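Comments concern the structure below.
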Amino acid sequence: MPDHPLPVLTEGLTREFRARGGGGRRLAVDDLTLSIPEGQVMGLLGPNGAGKSTTMKLLLGLLRPTAGRARLFGRPSGDRRILERVGYLPEESKLFPWLTARETIVFFARMAGLSRRDAGPEADRLLADVGMAADAGRRVERFSKGMARRVALAVALTGAPDLLIFDEPTSGLDPLAAGEMKDRVLRLKEEGRTVLFSSHLLADVADVCDRIVVLREGRLVSDGAPGDLLRLRDEYDLRFRSGEAGFEGRVRDFVTEAGGDVVSLDPATGGLADLFRRLFENRDGNRDGERG
């Protein structure tokens with residue numbers, strides 16, 4: 001075994017479920033072999049039902065494989081000693097509604113092995129880090145989905161885990177909150193953490209991931225750097241500022257005379273996330289209207 005085992009390694013990982021209505025069995029994850037080196041952000045991409053969440057549950061030991069194996073840091077998935085090094089953000093923020101935000105983090109900090117003396121300061125630090133310090137004393141049941149998502153993120157970060165597993169972390173968030181979540185992933189990468197980041201939205205993973213693995217019906221169908229996977233063969237983008245009258249026509253003529261084909265020549269636009277940010281961020285870069 002290597003001196004520094006990979007944070008994530010699967011070999012022939014397979015999970016079969018009984019189909020509904022007695023219609024036989026179906027493969028949710030089918031012979032999946034992949035590895036994630038330390039410090040890499042890997043995006044797990046695919047439509048709903050592709051096997052992303054099942055793969056993550058197999059890695060965490062929440063499900064047992066039908067065949068193959070999964071290992072975290074060289075140990076079998078589900079090993080309690082290894083799970084102390086793992087932070088998990090599930091797709092749905094399942095929190096105890098009767099606890100306050102601070103009580104929630106203290107509870108999970110104690111579960112992670114922190115002493116009673118250290119759990120309180122850890123909760124305060126994490127809630128400040130995710131922008132929830134002002135709401136630390138409020139019950140979770142009174143939070144918006146975005147606020148509950150921040151608390152769930154603080155739970156995942158409790159104990160400074162080496163591996164973060166995020167299942168659809170931007171699900172249900174507005175563009176600003178989704179942007180903050182992606183910024184968080186980049187900061188974790190800068191700290192040397194390893195992140196497995198699942199989404200069915202291409203933009204989510206393309207913005208933050210070193211590598212994208214695409215699943216379809218439980219099988220790995222593509223694996224590579226975002227730039228390689230997104231590149232269109234034989235097509236190029238050219239952005240320019242218009243010059244004197246007729247400039248665009250001269251650009252078209254140049255491309256055509258050189259044997260090329262102008263696929264499109266339209267005014268440049270920003271993305272919807274950029275528009276949302278310009279409209280709803282105040283001058284200090286903070287969001288308006290989240291609390292309530």
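On a predicted model such as this, the values are computed, not experimentally measured, just so you know.
From Asp167, atom CG reaches atom OG1 of Thr54 across 9.5 Å, with rounding to the nearest 0.5 Å. Taken to the nearest 0.5 Å, the CD atom of Gln40 stands 5.0 Å off from the CZ atom of Arg211. Interatomic distance, Thr100 OG1 to Met132 CE, rounded to the nearest 0.5 Å: 10.0 Å. Taking CG of Leu126 as the reference point, atom CG of Leu157 lies at 6.0 Å (rounded to 0.5 Å). Between the CZ atom in Arg193 and the CZ atom in Arg187 there is a gap of 11.0 Å [rounded to 0.5 Å]. From Glu168, atom CD reaches atom CG of Leu44 across 9.5 Å, with rounding to the nearest 0.5 Å.
Using a distance-only test at 3.5 Å, with no hydrogens or angles considered, no donor-acceptor pair links the side chain of Arg139 to the main chain of Pro97. In this structure a side-chain-to-backbone donor-acceptor pair under 3.5 Å is missing from Lys52 to Leu215.
Counting heavy atoms from C-beta on, the side chains of Val185 and Lys189 never come closer than 4.5 Å. At a threshold of 4.5 Å between non-hydrogen side-chain atoms, the residues Pro76 and Arg71 count as touching. Between Phe197 and Leu188 there is no side-chain heavy-atom pair separated by less than 4.5 Å. Contact annotation: the side chain of Leu72 never approaches that of Asp79 to less than 4.5 Å [non-hydrogen atoms, C-beta and beyond]. Residues Cys209 and Val41 form a side-chain contact, since some pair of their non-hydrogen atoms from C-beta on lies under 4.5 Å apart. In this structure the side chain of Arg149 reaches within 4.5 angstrom of the side chain of Leu89, judged on heavy atoms.
Residue Lys182 qualifies as enclosed at atom NZ: its count of foreign heavy atoms under 6.0 Å is above 12. Within 6.0 Å of the CD atom in Glu38, the count of heavy atoms belonging to other residues, nucleotides or ligands does not exceed 12. For Glu217, the CD atom is loosely surrounded, since the number of other residues' heavy atoms within 6.0 Å does not exceed 12.
Closest approach of Ala156 to Phe166, counting heavy atoms only: CB-CE2, 4.3 Å. Taking both residues in full, the closest heavy atoms of Gly39 and Thr194 are given as N-OG1, 2.9 Å, listed atom of the first, atom of the second, then distance. Across Pro169 and Ser198, no two heavy atoms sit closer than the pair CD-O, 3.3 Å. Summarising the geometry of Ala128 relative to Ala133, their closest heavy-atom pair is CA-CB, 3.9 Å, with the distance given to 0.1 Å.
Screening residues 118-134 for side chain to side chain donor-acceptor pair (under 3.5 Å) gives Arg102-Asp124, Ser115-Asp118, Glu122-Arg125, Asp129-Arg184 as the qualifying pairs, with residues at least two apart or on separate chains.
Between Glu92 and Lys94 no salt bridge is recorded (no basic side-chain N to carboxylate O distance below 4.0 Å).
Of the listed residues (Leu13, Thr10, Thr14), just one forms a side chain to side chain contact (heavy atoms under 4.5 Å, CB included) with Pro65, and that residue is Leu13. If you run side chain to side chain contact (heavy atoms under 4.5 Å, CB included) between Leu62 and each of Leu58, Leu59, Leu60, only Leu60 comes through.
With a 6.0 Å cutoff to the six-membered ring centre and a 45° limit on the axis angle, Arg110 does not count as a cation-pi contact of Phe107.
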Which donor-acceptor pairs under 3.5 Å do side chains of residues 158-165 form with protein atoms, sequence neighbours excluded?
{"residue": "Thr158", "atom": "OG1", "partner": "Ala154", "partner atom": "O", "Å": "2.9"}
{"residue": "Thr158", "atom": "OG1", "partner": "Val155", "partner atom": "O", "Å": "3.1"}
{"residue": "Asp162", "atom": "OD2", "partner": "Arg85", "partner atom": "NE", "Å": "2.8"}
{"residue": "Asp162", "atom": "OD2", "partner": "Arg85", "partner atom": "NH2", "Å": "3.3"}

Name each donor-acceptor pair under 3.5 Å that joins a side chain in residues 26-37 to protein atoms two or more places apart or in another chain, with its distance.
{"residue": "Asp30", "atom": "OD1", "partner": "Arg219", "partner atom": "NH1", "Å": "3.3"}
{"residue": "Asp30", "atom": "OD2", "partner": "Arg219", "partner atom": "NH1", "Å": "3.0"}
{"residue": "Thr33", "atom": "OG1", "partner": "Gly12", "partner atom": "N", "Å": "2.8"}

Working note: Arg138 + Met147, criterion side chain to side chain contact (heavy atoms under 4.5 Å, CB included); need CA distance, chi angles, decisive distance, verdict. CA-CA 11 Å; Arg138 293 179 62 186; Met147 297 171 75; 3.8 Å; yes
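Neither Leu127 nor Leu114 shares a network with the other; the hydrophobic side chains, linked directly or stepwise wherever heavy atoms of I, L, V, M, F, W or Y lie under 4.5 Å apart, form separate groups for each. The hydrophobic cluster containing Phe96 does not contain Val106, counting ILVMFWY residues as joined when their side-chain heavy atoms lie under 4.5 angstrom apart, directly or transitively.
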